[in-house]
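Scope of the values below: all heavy atoms of this structure, side chains included, with no hydrogens, waters or symmetry mates.
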There are 2 protein chains.
Amino acid sequence: MEKPRSAPTLDDVAKMADVSTATVSRCLNSPDRVVEATRKRVLSAVDALGYTPNFAARVMAAKRSFTIGAIIPTMENAIFARGLQSFQEELHQRGYTLLVSSSAYKPEIEEEQIRTLIARGADGLLLIGHDRDPKIYDFLSQRKIPALVAWSYLPDSKLPSIGFDNRAAMFDLASHVIELGHTQIGVISGLVDGNDRARLRVQGIRDAVSGSGLEASNLTLVETSYEIENGAKAFRDLMNADPPPTAILCGNDVLAAGALRQAQEMGLDVPGDVSITGFDDIELARIVSPALTTVHVPHREMGRKAALQLVEMVENQTTGTGEQLATRIVNRPSLGKPASG
Amino acid sequence: MEKPRSAPTLDDVAKMADVSTATVSRCLNSPDRVVEATRKRVLSAVDALGYTPNFAARVMAAKRSFTIGAIIPTMENAIFARGLQSFQEELHQRGYTLLVSSSAYKPEIEEEQIRTLIARGADGLLLIGHDRDPKIYDFLSQRKIPALVAWSYLPDSKLPSIGFDNRAAMFDLASHVIELGHTQIGVISGLVDGNDRARLRVQGIRDAVSGSGLEASNLTLVETSYEIENGAKAFRDLMNADPPPTAILCGNDVLAAGALRQAQEMGLDVPGDVSITGFDDIELARIVSPALTTVHVPHREMGRKAALQLVEMVENQTTGTGEQLATRIVNRPSLGKPASG
DNA sequence: AGTGGATATGTAAGCGCTTGCATTTTGAAT
DNA sequence: ATTCAAAATGCAAGCGCTTACATATCCACT
């Protein structure tokens, strides 16, 4: 009686149940094609042996991995967490596994990750945002890999997208801020290079400013990478302007949280001395005090719909239609009227 | 001239470079075993074709995947993010890829994930905490899969572990709180079932309480799952006690943030009316105001060392020694003396 | 009992790669 | 020139699975 030194294989199961490997395979993949008695015998052999199918072998033979890859800019904060969570729940429902990797907001890493995921046999890919080297799109279409963009909706893009209109969302928020009477507006944006979401959000603010008759000089912008400390630093810089802004719009909630902390450290009252807004409505926005006025993004809905659409694309070889989702402004205490008219 | 309908294979490259597939394979895996001229020819064929090795095939043939799997309880908050980040950076350095999945704190999901990762050919596994069904340990050792536990150090465990002494860390913090003069202590713990870290932290508090001559009745405990809202709810419950606690120790920073928010909503001053402490020292602890007194865990060091150790175990078939890391208390404004002596 | 179509199972050919071993080439030393 | 070990390359056998196709078995009707 030798103990198996490594994983039992289909063959071991087949021998034990006294059937062919084909039958064992069918038992596992399409049980109804096997008669009850045989199936029982096979299944009991399976767990007597503790058999687990070898994934690599299966992928290779079936040319199908039931795996979806997703590449997000970062896992360090919660921005993509909730959406990804429901994306993966929905995939799980449909029998797919999600493989996630992060690109640290770097295009070249994203490209490498895409290749890696494909080499690993991903049946489809979820990407964030539209900005990337065109040759990646060529590669994807040449290899016929279904791919979908999330977090940014664009009607005429190379890949179908499920997301929202970043420009319009920020336009609305900025307009709201201006209506409250703010005229000196500060902006803390994420790096716009290769990031259409950041770029479009800034554009939304610009449009709102010029649309409401303010001068470009009423607007001061700092661009920085998405980290709390950078939000704090940018806040310091912005408040050095003369006159200092009375409202600061941040590219996301993380930057806003950093700005808020810095304001407190500088002894400034929010929103009394200065208003601060975020974007995304992640948990953080409600935890800080005062809680952040922000743009609510329907993360869960987005994740779920992206999963459905991507699975549809994979299974029926369709192109995917994309869908625009609505955002809404969430008013919380971090935004108020400017101090003196 | 037909365009390739799917990915080019080793064979395509071999034909184009007019060598055997073996040579191409060697070019890619041990370049020094191939003479320069040939190598050049092969490599240029590789990128003329845009060849990417098929991962499944490679794993199958080599019986080695250069992949490490990690299963963490949750990705929803940042508790494991930083440690995992450095774990993966270190792995990347060493040529390994990290596959992460989360178990949502559910043992049965963790078990499934372990099987999945192994089926996918993971060369080694990182697990969080020691509490789990013994048959999982049997399975792992029978299959000879190197595995390492992090976030909790225990000298005599089935698997080597790299982490800290959860009991001692919390004992120190609780002792410190008691020294400040607090006698009514509230505890918001994570679910202890199947979670040795949560269990040991509570134990540390109990030990500190009884060790300093307080009665068990001075201690009120609420157990709940690790979510912000639950921290808030637990806080409400605890403050209903008579007398209410003057200090509340939370099982982690997330629960503490929830408690803090709730305190503010109830119009209580922290630490004036009640002190609150966390555990982990994630970014959140510094963002909330007042910032949280908490236990600092050397996440990055832990991640890095775990990676080194696990790779060592995988490559040299060693057993792994484990290592205990030191934590330290970080004093921030959320903890103060009780109101009246 | 005999028949035929449906149903269940078996056979075997790959999937794309790595690697032990066999073969050829190389080049230094004779 | 010749020899021969070392270096470079080729050959071919798998790795564990799926699946088209072939074969065997079943059962409802004559």
Side-chain angles (χ1 to χ4, degrees), chain A residues 4-43 45-46 49-67 95 115 118-123 143, chain B residues 4-43 45-46 49-67 115-116 118-123 143:
Chain A
R5 305 212 127 307
S6 65
T9 70
L10 245 207
D11 224 60
D12 299 331
V13 178
K15 280 197 187 95
M16 182 164 197
D18 197 32
V19 294
S20 72
T21 61
T23 300
V24 179
S25 174
R26 281 188 284 252
C27 265
L28 269 24
N29 300 311
S30 34
D32 40 314
R33 297 187 30 53
V34 167
V35 83
E36 162 117 20
T38 319
R39 199 187 325 148
K40 260 189 178 160
R41 198 149 33 94
V42 170
L43 292 183
V46 163
L49 257 32
Y51 169 76
T52 324
N54 177 312
F55 183 75
R58 186 204 284 266
V59 168
M60 204 158 147
K63 311 196 132 200
R64 202 61 207 310
S65 68
F66 283 94
T67 294
R115 296 198 125 79
I118 292 178
R120 277 176 184 265
D123 293 335
R143 283 281 230 282
Chain B
R5 306 213 125 307
S6 64
T9 71
L10 245 209
D11 224 61
D12 299 331
V13 178
K15 279 198 187 95
M16 183 164 197
D18 196 32
V19 294
S20 72
T21 60
T23 300
V24 178
S25 174
R26 283 189 281 253
C27 263
L28 269 24
N29 300 311
S30 33
D32 39 315
R33 297 185 33 51
V34 167
V35 84
E36 162 118 21
T38 319
R39 199 189 322 148
K40 261 189 177 160
R41 200 151 30 98
V42 169
L43 292 182
V46 162
L49 258 33
Y51 169 77
T52 325
N54 177 311
F55 183 75
R58 186 205 284 268
V59 169
M60 204 159 151
K63 312 194 133 199
R64 199 78 176 15
S65 68
F66 283 95
T67 294
R115 296 198 125 79
T116 302
I118 291 177
R120 277 175 184 265
D123 294 334
R143 284 281 228 280

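Only M60(A), A61(A), K63(A), listed by number, bring a heavy atom of residues 56-65 of chain A to less than 4.0 angstrom from any atom of DNA chain C.
Once rounded to the nearest 0.5 Å, the distance linking OG of S25(A) with CZ of R33(A) reads 10.0 Å. If you take CG on L28(A) and OG1 on T23(A), they are separated by 11.5 Å, rounding to the nearest 0.5 Å. With rounding to the nearest 0.5 Å, the separation of CG in L43(A) from OG1 in T38(A) is 10.5 Å. Rounding to the nearest 0.5 Å gives a distance of 12.5 Å between NZ of K63(A) and CG of D123(A).
In this structure K40(B) satisfies the side chain to side chain donor-acceptor pair (under 3.5 Å) test with no other residue, sequence neighbours excluded.
Regarding L49(A), its CG atom lies at a distance of 13 Å from the P atom of dG16(D), rounded to whole Å. The CZ atom of F55(A) sits 13 Å away from the C1' atom of dG16(D) (whole-angstrom rounding). Distance CG (L10(B)) to P (dG14(D)): 19 Å, rounded to an integer number of Å. To the nearest angstrom, C1' of dC17(C) lies 15 Å from CZ of R120(A).
Under the 3.5 Å distance criterion, the side-chain polar atoms of S65(B) are matched with a main-chain donor or acceptor of G121(B). Not a single donor-acceptor pair under 3.5 Å links the side chain of R26(A) to the backbone N or O of V34(A). No donor-acceptor pair closer than 3.5 Å links the side chain of R120(B) to the backbone N or O of F55(A).
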Got a list of protein N/O to nucleotides 4-11 of chain C N/O distances below 3.5 Å?
residue: dT9(C); atom: OP1; partner: T38(A); partner atom: OG1; Å: 2.2
residue: dT9(C); atom: OP2; partner: V35(A); partner atom: N; Å: 3.0
residue: dG10(C); atom: OP2; partner: S20(A); partner atom: N; Å: 2.8
residue: dG10(C); atom: OP2; partner: S20(A); partner atom: OG; Å: 3.1
residue: dG10(C); atom: OP2; partner: T23(A); partner atom: OG1; Å: 2.7
residue: dG10(C); atom: N7; partner: R26(A); partner atom: NH2; Å: 2.8
residue: dG10(C); atom: O6; partner: R26(A); partner atom: NH1; Å: 3.2

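Distances shorter than 4.0 Å separate some side-chain N or O of N29(A) from OP1 or OP2 on dT18(D). Listed pair S25(A) / dT18(D) meets the phosphate criterion, a side-chain N or O lying under 4.0 Å from OP1 or OP2.
Y51(A) comes within 4.0 angstrom of sugar-phosphate atoms only, judged by non-hydrogen atoms across all strands, and of no base.
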